[in-house]
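Below: the structure, in structure tokens.
The chains referred to below are lettered A, B, ... by the order of the sequence lines, with proteins before strands, and numbering in each begins at 1.
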Amino acid sequence: MDIRYVYDSIHDGKDEILDKIYKKYRNDFIHWAMQRYNISEHDAKDVFQFSVIKLYENIVNRRINEFKASVKTYVFAIAKNKISEIRKRNAKWVFQADELIKDDLYELLDWHAEENYKNDLINRLNEVLNRLGKPCSEILKLFYYHNQSLHQMAEILSYKNVDSVKTQKYKCLSRLRKMFDNEIKGE
Amino acid sequence: MGGESFEESVNRFDEALKKFRDEEIKFRIIHKSDLNHDDHYLMLSYELIKYAGRIDLLNRFRETDQSMSEGTTLKSKLFSSWFFRIAALAFLAFLIGQIFTPVREDGSINVFEQFFEPYVNVAYGTYRSTDEKNALQDDEIRLLKRKAYHAYDKADYRQCILDFEKIPEDKKTLADYFFAGNAYLAMGDAVSAIAIFEKLKEVDDVFKNQSLWYLGLAYLKSGEKKYAIEVFEELKSSKSVYSNKSREILNYLEKSF
């Protein structure tokens with residue numbers, strides 16, 4: 001399976017290709033990472049999950065310029081870099097996927113020195129986001145995570161036109177802002 | 001930016017996002033001296049939404065894990081039945097028959113084993129210090145390189161890699177990478193070997209054809225025949241000893257699949 005095929009599939013909205021990649025290379029990766037890096041099966045699985053997520057993000061954000069490699073090589077290379085990065089950074093290695101996906105948030109909340117406080121804040125704000133409910137959570141994720149254009153979103157969510165989606169997105173962000181403010185003021 | 005409405009801030013943020021997706025946007029927004037409350041809020045929201053999207057994917061993979069493990073349980077149940085035991089015996093008999101059949105088809109792994117031979121060490125771990133301040137560190141590096149190449153000569157590829165990985169990146173030569181790629185491949189770690197040879201073929205003129213040859217073999221080892229063929233085709237038209245070898249392996253691949 002080559003990167004170009006996966007890239008085109010995801011940009012055509014066929015993101016089920018990710019499940020195929022996951023199933024196809026998961027066991028190979030676990031076997032390889034356990035032998036190569038002497039890590040547990042559980043850690044290897046978590047790093048693999050993180051790496052497939054990264055592959056997806058690199059594709060939707062158009063961060064892939066080299067299409068010659070196979071998907072297997074690409075995902076394994078992401079994982080390899082991540083394992084080296086974790087080992088260099090931490091005396092105590094953390095491979096849990098739930099932690100790995102918080103990386104960017106941790107960086108953003110850097111001014112809060114206390115790790116427990118950061119974790120607590122992330123969990124609470126994530127709860128707020130969940131309370132926002134549909135269609136807002138869906139709209140915001142489509143735009144800010146899946147990098148869909150307003151035009152694509154209008155099609156996916158059956159909105160009349162691009163302006164309606166844009167207005168709805170703005171209302172959702174305003175609502176979320178009020179909810180965040182209430183949550184943080186209530187500390 | 002003073003007096004900007006929230007709606008205007010959102011539009012400005014979305015425009016910046018379109019331009020500097022991810023890493024760069026943080027830099028552009030966080031390091032602005034006139035960072036306002038809206039920017040803080042939008043950045044936090046963006047990261048949280050991204051986190052929520054990642055959780056969705058993670059949950060999806062966890063469901064797949066569950067269905068895969070259920071599939072394995074189902075398989076083990078099937079294998080415990082008499083029918084599948086008999087079928088397994090029949091399959092075993094078929095496999096034995098195949099082994100004693102004079103002509104049989106080889107997979108890409110077999111072709112790999114037939115053609116792969118680690119490149120003979122012609123580099124040796126020489127390293128000359130140019131900086132007196134770093135003399136001690138240079139001594140350590142020289143020692144590590146010597147150990148790595150010594151292990152390579154003794155075909156102790158695991159030790160060779162362990163020593164190679166301890167050498168700082170900026171002290172590794174292209175030749176060091178080339179031999180490390182060979183060591184990975186000899187250990188059966190085709191993925192690491194591919195990563196090295198892919199890079200070398202772009203930057204190294206001295207080892208270019210050699211790197212292409214081992215890249216093709218690494219692709220064979222990882223079962224990616226299509227990429228292996230592409231590499232050997234490229235090498236076939238080169239003016240090097242690998243041209244004939246590539247022709248030979250391509251003929252072999254054509255016959256054996």
If you count heavy-atom pairs under 4.5 Å between each of B:Glu165, B:Arg158, B:Met187 and chain A, which one has the most?
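Looking at each option in turn, the highest pair count goes to B:Glu165.
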Who among B:Ala195, B:Ala52, B:Gly188 has the most heavy-atom pairs with chain A under 4.5 Å?
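Counting heavy-atom pairs under 4.5 Å, the top option is B:Ala52.
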Under the side chain to side chain contact (heavy atoms under 4.5 Å, CB included) rule, collect the residues that match up with A:Lys14, sequence neighbours excluded.
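Partners of A:Lys14 under the side chain to side chain contact (heavy atoms under 4.5 Å, CB included) test: A:Ser9, A:Asp12, A:Glu16.
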Give, as side chain, backbone, both or neither, the part of [X] having an atom under 4.5 angstrom from any heavy atom of chain A.
{"X": "B:Glu63", "answer": "neither"}
{"X": "B:Glu198", "answer": "neither"}
{"X": "B:Ile194", "answer": "side chain"}
{"X": "B:Leu44", "answer": "both"}

With a 3.5 Å cut-off and no angle check, do the side chains of [X] and [Y] form a donor-acceptor pair?
{"X": "B:Asp65", "Y": "A:Gln49", "value": "yes"}
{"X": "B:Tyr41", "Y": "A:Asp181", "value": "no"}
{"X": "B:Arg54", "Y": "A:Tyr56", "value": "no"}
{"X": "B:Ser192", "Y": "A:Lys80", "value": "yes"}

[X] versus [Y]: any side-chain heavy-atom pair under 4.5 Å?
{"X": "A:Phe143", "Y": "B:Ile49", "answer": "no"}
{"X": "A:Tyr170", "Y": "B:Asn11", "answer": "no"}
{"X": "B:Tyr227", "Y": "A:Thr73", "answer": "no"}
{"X": "A:Arg177", "Y": "B:Phe6", "answer": "yes"}
{"X": "B:Lys50", "Y": "A:Ile101", "answer": "no"}
{"X": "A:Val52", "Y": "B:Leu57", "answer": "no"}
{"X": "A:Asn126", "Y": "B:Ile55", "answer": "yes"}

Heavy-atom cut-off 4.5 Å, strictly under: side chain, backbone, both or neither for [X] against chain B?
{"X": "A:Leu142", "result": "neither"}
{"X": "A:Ser174", "result": "both"}
{"X": "A:Asn27", "result": "side chain"}
{"X": "A:Leu176", "result": "both"}

Could you please spell out the steps behind the side chain to side chain contact (heavy atoms under 4.5 Å, CB included) verdict for B:Asp189 and A:Gln35?
CA-CA 10 Å; B:Asp189 184 352; A:Gln35 277 201 331; over 6 Å; no
